[in-house]
2 protein chains.
Amino acid sequence: MSDVAEQLSPAEMADRCGISIDTLRYYEREGLLDTIERTAGGQRRYSSSDVAWVMILRCLRTTALPIREMKRFAELVRQGDDAIPERAQLLREHRAEVVDQIAALQEALDTIDHKIATYAAILESTPVVDTLSDTTPTLGGKGARAT
Amino acid sequence: MSDVAEQLSPAEMADRCGISIDTLRYYEREGLLDTIERTAGGQRRYSSSDVAWVMILRCLRTTALPIREMKRFAELVRQGDDAIPERAQLLREHRAEVVDQIAALQEALDTIDHKIATYAAILESTPVVDTLSDTTPTLGGKGARAT
DNA sequence: CAACAACCTGGAGTGCACTCCAGGTCAAGC
DNA sequence: GCTTGACCTGGAGTGCACTCCAGGTTGTTG
């Protein structure tokens, strides 16, 4: 009884996770990954549960959780199921930050869209002519030009 | 005929824009801000159009446009209305990236929510007991524990 | 079993976006 | 007019998250 499930070389792992080999080693050094299996010769062999875990890390990094916090999360995981309440707490706090990030981006997107629309309007109203100008009245500036 | 509109000191400007004085000076050095008015003694006085412009910069930074790109945008603004098509183009490209960012965050948020829900389920099903464990079947790992 | 790619380690280097500092100048209130 | 806090400049320093390197070992392929 064996068939020890898929073992991935560093290159395969990197490829599978969309993360560089160097970053993988860096995460390991930082204590974000638990001890990775090795071949007799000392080369790493990643398991599919390693893949799953790195995917979680990637999700957290995508959402700008600092490495320091990910380390804390990793430690809580190492502590086993007793630490689940703390892990849940950490994720709930982070979740709130992600929601804020999305809101901030959405707001910025609206601003950008507005600006694009303004440019479009200018380009439409003065297709060839180049004498007229300006978009926002940039209150205060006198030599106001479109930004 | 004057009433030269509001002039802000560096501290007021920083406060108004939600950006530090140092960052404001840094942006100026980097060519993101056009020459700022000065008092006879050489101290900066920001106009409300400076505020408007810095708000745009802030919006772009919020959405992770690199300083280098903001510099390019600032240059296009300096070139006047002839450069509006290029400015619009730059913004459209950036807009697409912002949309991608939002999508990525949204996806990550779903993952986080899923994880939180899993933890909640564990905590609910085993309120005091600590013998049962695990969440995801972490395929492959044998000593699988909840992550 | 030779050759060559992939991997190993510890440590140094990079790029980005600020942020801070020293040593001096300016300006507003008393 | 003097004090005190805000401001000036050029340049150095910081924190973060990687990323690269040298010099050596492993593992696979013909």
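Just so we're on the same page: letters track the sequence lines, and every chain starts at 1.
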Item to check | Donor-acceptor pair, side chain of B:Glu37 and main chain of B:Tyr46, under 3.5 angstrom | outcome: no
Next on the checklist: Can you tell whether the side chains of A:Arg38 and A:Glu28 come within less than 4.0 Å, N to carboxylate O?
Outcome noted: yes
Item to check | Stepwise side-chain contact (heavy atoms from CB on, under 4.5 Å) test for B:Ile67 and B:Arg61 | outcome: CA-CA 8 Å; B:Ile67 298 288; B:Arg61 276 303 298 142; 3.9 Å; yes
Next on the checklist: Between A:Lys71 and A:Glu30, does any NZ, NE, NH1 or NH2 come within less than 4.0 Å of an OD or OE carboxylate oxygen?
Outcome noted: yes
Item to check | Distance, rounded to the nearest Å, where B:Glu12 contributes CD and C:dA27 contributes C1' | outcome: 14 Å
Next on the checklist: Can a donor-acceptor pair be found, under 3.5 Å and without considering hydrogens, that links the side chain of B:Asp50 to the backbone of B:Ser47?
Outcome noted: yes
Checklist outcome for this item: With a 4.0 Å cut-off (strictly under) to non-hydrogen atoms of chain B, the first and last hit nts on DNA chain D, 5' to 3', are D:dC7 to D:dG11
Checklist entry - For A:Arg44 and C:dC7, is the shortest distance between a side-chain N/O and OP1 or OP2 below 4.0 Å? => result no
Checklist entry - Rounded to the Å, how far apart are A:Gln43 CD and C:dC8 C1'? => result 7 Å
Next on the checklist: If we count only N and O atoms by modelled type, under 3.5 Å, do the side chains of B:Gln89 and B:Glu93 hold a donor and an acceptor together?
Outcome noted: yes
Checklist entry - With sugar-phosphate meaning primed atoms plus P, OP1 and OP2, does A:Arg29 contact a base, only sugar-phosphate, or nothing at under 4.0 Å between heavy atoms? => result base
Checklist entry - Between A:Ser125 (side chain) and A:Ala121 (backbone), is there a donor-acceptor pair under 3.5 Å? => result yes
Checklist entry - Can you name the residues that form a side-chain hydrogen bond (donor to acceptor under 3.5 Å, both in side chains) with A:Glu107, not counting sequence neighbours? => result none
Checklist entry - Going by an N to O cut-off under 4.0 Å, is there a salt bridge joining A:Glu86 and A:Arg72? => result no
Next on the checklist: Applying ring pair (Phe, Tyr, Trp, His ring centres under 6.0 Å), can you list everything that pairs with A:Phe73, at least two apart in sequence or on another chain?
Outcome noted: A:Trp53
Checklist outcome for this item: the helix from C:dC1-D:dG30 to C:dC30-D:dG1: angle between terminal helix axes, five bp per end, to the nearest 10 degrees, reads 20°
Show me the protein contacts with nucleotides 1-3 of chain C, counting only N or O atoms at under 3.5 Å.
none

Checklist entry - Whole-Å distance between C:dC7 C1' and A:Glu28 CD? => result 13 Å
Checklist entry - Within this structure, what is the CG-to-P distance between A:Asp15 and C:dA6, rounded to whole angstrom? => result 13 Å
Checklist entry - Is the backbone N or O of B:Glu12 less than 3.5 Å from a side-chain atom of B:Ser9, with the two atoms forming a donor-acceptor pair by type? => result yes
Checklist entry - Are any side-chain N or O atoms of B:Tyr27 and backbone N or O atoms of B:Asp22, one a donor and one an acceptor, separated by less than 3.5 Å? => result no
Item to check | Considering all heavy atoms, the nearest B:Leu8-B:Arg16 contact | outcome: CD2-NH2, 3.5 Å
Checklist entry - Quick one, which residues of residues 61-70 of chain A touch DNA chain D with a heavy atom under 4.0 Å? => result A:Arg61, A:Pro66, A:Ile67, A:Arg68
Checklist outcome for this item: Comparing B:Arg45 with B:Asp22, nearest DNA chain C nucleotide closer to 5' gives the residue B:Asp22
